[in-house]
S.K.: 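First, the structure itself, so that you have it in front of you.
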Number of protein chains: 2
Amino acid sequence: MSATPSTKPAASDTADNRDAPTRCRILEAATALYAEHGFDNVSLRQITRAAGVNLASVNYHFGSKDNLAAEVIASRVNPINRQRLDLLTSAEQLTDGEPVPLKAIVRAFLSPMFSFVASDPEAGPMNLKLMGRCMSQRDLPMSEASLPLFREVTRRYPDAVKRTLPDLPVEVIQWRMLFSVGVVAHAMLHADLLNRITGGASSRLDPDTVMQQAVDFCTAGLRASWQPD
Amino acid sequence: MSATPSTKPAASDTADNRDAPTRCRILEAATALYAEHGFDNVSLRQITRAAGVNLASVNYHFGSKDNLAAEVIASRVNPINRQRLDLLTSAEQLTDGEPVPLKAIVRAFLSPMFSFVASDPEAGPMNLKLMGRCMSQRDLPMSEASLPLFREVTRRYPDAVKRTLPDLPVEVIQWRMLFSVGVVAHAMLHADLLNRITGGASSRLDPDTVMQQAVDFCTAGLRASWQPD
DNA sequence: GTCTATAGGGGGATAGAC
DNA sequence: GTCTATCCCCCTATAGAC
């Protein structure tokens, strides 16, 4: 009945691990290394070295290397999908049965992906890269809690768009929503490269500006006219 | 002076290796494995096993594992960038000094990415995935011939768009072109997943259809109105 | 050009002491 | 909970015979 768990702690999204400093340090070190080198190019030894903990502690706290990666990924992806669903619910309540304006749908869908980035100015670039890697990688280790959230997002958002743009076929809506994820994923993954290529003088890396640009681009793309064959 | 090189053959894009079956077999096996498992998750042993050649032959023909990956990547990326430049040149000659219509620019930019996919119906899905991996991966091993092509593409295309949409700031154009790459990259990388999620009945995986959709989406996105802050 | 054999290093996981 | 030590695997690259 103690406040601190006496058994192996369960996976959680909230990272309230103040009483388990090693576990927390492992998560932080793994997060930074995954962002920098990609999920496939980081060894347990790199992680434990960076965290200043013992090699065996990863297997004790997470069970396996894959479980550690799954927890890092879930800590970023699950809150985003929950926020997407909350924002869409709010928008639908505001319009009171009427179709939600397209731009509001797109903003509710894309803006949660930037919430981690804006929260911390120091860790911003790292979070940007990590989010990009999460979204543009196939076959990521996925925790159990992630799948139902994904399914609900992929169900409710096309429905909302369909109510706003009733003439657009559902398959086209689904493709265009996939396109929209690609817009943000690719921008996050290569944001620093664009700055380097273009000289970096004028194009600031301000996440809010990028998000505005992405929302404008995707809203226009979703609204593009469509002619049946 | 013989037709067949007597020394270690140099890297080439055209894959005219009929006289060197092992080298060609290695390239083919590596291509398929990279598409299936990603560039970071394939060992030389897997490649040589699948190709039915000796382990040491990779180092003999390519020098190192990274050089092999670089050649596979260049064999896909370089022709695309060359075709992009050729198509833009053709379009500019057609309009004879006038700005090129936006949709023609977007099509010249995106359609080469689909040329490998459409060419072979059997290897289509593999080429789709490989192209997606090429575009949505950071820090790929790059051959020397790739960089100048990339630079010319990133110079000429924003210029062309600027002539067609003179009111759009260059930085915004660059962001939106990066968005457009993300659209295609993400769609290619996850095309099969979308089919599985949506049931796969109605949304055909026809590459031409997807390309049309991507062109429409990106053209509308590039044309989106933009208000200065 | 192709092969065998091996060097030499890093990988994930775990047993068992504390 | 934490640590050391170790097992056993797979990896890339290369030397040297054919």
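In what follows, every chain begins at residue 1, and chains take the letters A, B, ... in the order their sequences are listed.
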S.K.: Rounded to the Å, how far apart are B:Asp40 CG and D:dC11 P?
M.R.: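 Whole-Å distance recorded here is 14 Å.
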S.K.: Ignoring backbone atoms, establish whether A:Ser57 has a side-chain N or O less than 4.0 Å from OP1 or OP2 of D:dC3.
M.R.: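 For D:dC3, OP1/OP2 do not have a side-chain N/O of A:Ser57 under 4.0 Å.
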S.K.: State which residues pass salt bridge (Lys or Arg N to Asp or Glu O under 4.0 Å) with A:Glu36; sequence neighbours excluded, sorted by chain then number.
M.R.: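 Counting only residues at least two positions away or on another chain, A:Glu36 forms a salt bridge (Lys or Arg N to Asp or Glu O under 4.0 Å) with A:Lys129.
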S.K.: Encode nucleotides 13-18 of chain C as B, S and - characters from 5' to 3', where the letter depends on protein heavy atoms closer than 4.0 Å: B to the base, S only to sugar-phosphate, - to neither.
M.R.: BB----
S.K.: In chain order, what residues pass the side-chain hydrogen bond (donor to acceptor under 3.5 Å, both in side chains) check against B:Asp159, with sequence neighbours excluded?
M.R.: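 Listed in chain order: nothing, the list is empty.
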S.K.: To the nearest angstrom, how far is A:Gln46 atom CD from C:dG9 atom P?
M.R.: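 Atom CD in A:Gln46 sits about 17 Å away from atom P in C:dG9.
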S.K.: Excluding sequence neighbours, so at least two apart, what forms side-chain hydrogen bond (donor to acceptor under 3.5 Å, both in side chains) with B:Arg84?
M.R.: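 Listed in chain order: B:Asn81.
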S.K.: For residues 27-34 of chain A, which side-chain N or O atoms pair as donor and acceptor with protein atoms under 3.5 Å away, sequence neighbours left out?
M.R.:
from: A:Thr31; atom 1: OG1; to: A:Leu27; atom 2: O; distance (Å): 2.6

S.K.: Quick one: B:His61 NE2 to D:dA13 P, roughly how many Å, whole number?
M.R.: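 My rounded result for the distance is 15 Å.
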S.K.: If the cut-off is 4.0 Å, is A:Ser43 near the phosphate of C:dG10, judged by side-chain N/O to OP1 or OP2?
M.R.: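 So the side-chain polar atoms of A:Ser43 never come under 4.0 Å of the phosphate oxygens OP1 or OP2 of C:dG10.
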S.K.: So does A:Arg138 pair up with B:Asp192, basic N to acidic O under 4.0 Å?
M.R.: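 Judged by the 4.0 Å cut-off on N to carboxylate O distance, A:Arg138 and B:Asp192 do form a salt bridge.
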S.K.: Take atom CG of B:Asn41 and atom C1' of C:dG11, then tell me their distance rounded to the nearest Å.
M.R.: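 It works out to 14 Å between those atoms.
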S.K.: Please report the distance, rounded to the nearest Å, between NE2 in A:His37 and P in C:dG10.
M.R.: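 Going from A:His37 (NE2) to C:dG10 (P), I get 15 Å.
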S.K.: Just to verify, what does B:Arg156 make a salt bridge (Lys or Arg N to Asp or Glu O under 4.0 Å) with, not counting sequence neighbours?
M.R.: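 With neighbours one apart ignored, the set is B:Glu92.
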